[in-house]
Amino acid sequence: MRLTESCIWLRNLRYYACHGVLPQEGRVGGYFTVTLRLGYPLAAAMESDRLGDTLDYAAVCELVGREMRQPSALLEHVGGRIVKAIAAAFPQVSRIDLWLDKENPPMGADCQGTGIELHLINDKTG
C-alpha cells in the first residue's frame, strides 16, 4: 500500500483572549477554540517512531497560543496570523485547515458561538 495523504489534528485548543470589535471585549475577553488540520508528510514517522520525523504538536500549540495572546478586532485577522505563522515556522506543512470559534459572542442572541473557517494549500510543497 502507498500513503496518499497524511495530516495531523489539533482539536479544540481552548484559549482565553481579548479579541473583538466592542471595547468591552478588549477589556474583559472571552473563550475561543482553535482546531487545526495540518497536511504533513508522516511516512517517515510511521516507520521510525521518532519525533524528528513528524511535526511537534507542542511547538504548534505554543505558536497558536502566542498569536491568540495578541488582541485583534476580527477573528479573520487572528486566523490569518495563525496560518501565516504556521506556514513560516513549518514549511513542510502542505495544507492548513483552521476553525476558530468565539464562545458566547456579545451579539444580543442566545448563541453557542461564532467563528471562521480557513483552508489553505502551500503551493511550495509537493
ILVMFWY network linking [X] to [Y], side-chain heavy atoms under 4.5 angstrom:
X	Y	value
Y40	W9	no
I8	V60	yes
V64	W99	no
Y57	F90	yes

Open item on the list: Using side-chain heavy atoms (C-beta onward) and a distance below 4.5 Å, is Q92 in contact with N122?
Closed with: no

- [ ] Could you tell me whether the side chain of I86 reaches within less than 4.5 Å of the side chain of L98, counting heavy atoms only?
- [x] no

Shortest non-hydrogen contact from [X] toward [Y]:
X	Y	result
P105	C111	CD-O, 4.0 Å
G115	L75	CA-CD1, 3.9 Å
G79	L100	N-CD2, 4.0 Å
A45	R50	CB-O, 4.5 Å
G29	C18	CA-SG, 3.8 Å

Taking the side chain from [X] and the backbone from [Y], do they hold a donor-acceptor pair closer than 3.5 Å?
X	Y	value
R81	Q70	yes
K102	G30	no
S6	L42	yes
T33	R14	no
H119	R95	no

- [ ] Take atom CD of Q24 as the centre, draw a 6.0 Å sphere, and report whether it contains more than 12 heavy atoms from other residues, nucleotides or ligands.
- [x] no

TODO: Check the side chains of N12 and T35 for a donor-acceptor pair under 3.5 angstrom, ignoring hydrogens and angles.
DONE: yes

Atom [atom1] of [X] and atom [atom2] of [Y]: how far apart are they, to the nearest 0.5 Å?
X	Y	atom1	atom2	answer
D110	N104	CG	CG	8.0 Å
R66	C61	CZ	SG	12.0 Å
T114	D101	OG1	CG	8.0 Å

Open item on the list: Could you go through V78 and F32, starting from their C-alpha distance and side-chain angles, then the distance that decides it, and tell me whether this counts as side chain to side chain contact (heavy atoms under 4.5 Å, CB included)?
Closed with: CA-CA 11 Å; V78 180; F32 298 80; over 6 Å; no

TODO: Check step by step if side chain to side chain contact (heavy atoms under 4.5 Å, CB included) holds for L10 and L38.
DONE: CA-CA 8 Å; L10 289 91; L38 306 173; 4.3 Å; yes

Task: CA sep, side-chain torsions, deciding dist, call: L118, I96, side chain to side chain contact (heavy atoms under 4.5 Å, CB included) - done: CA-CA 8 Å; L118 302 175; I96 302 170; over 6 Å; no

Open item on the list: Please evaluate residues K84 and E67 with respect to the criterion salt bridge (Lys or Arg N to Asp or Glu O under 4.0 Å), reporting the C-alpha separation (whole Å), side-chain torsions for both, the decisive distance (0.1 Å), and the verdict.
Closed with: CA-CA 10 Å; K84 285 177 189 174; E67 295 302 329; over 6 Å; no

- [ ] Starting from the C-alpha separation in whole Å, work towards a yes-or-no answer on salt bridge (Lys or Arg N to Asp or Glu O under 4.0 Å) for R69 and E62.
- [x] CA-CA 11 Å; R69 286 189 294 275; E62 173 55 35; 3.4 Å; yes

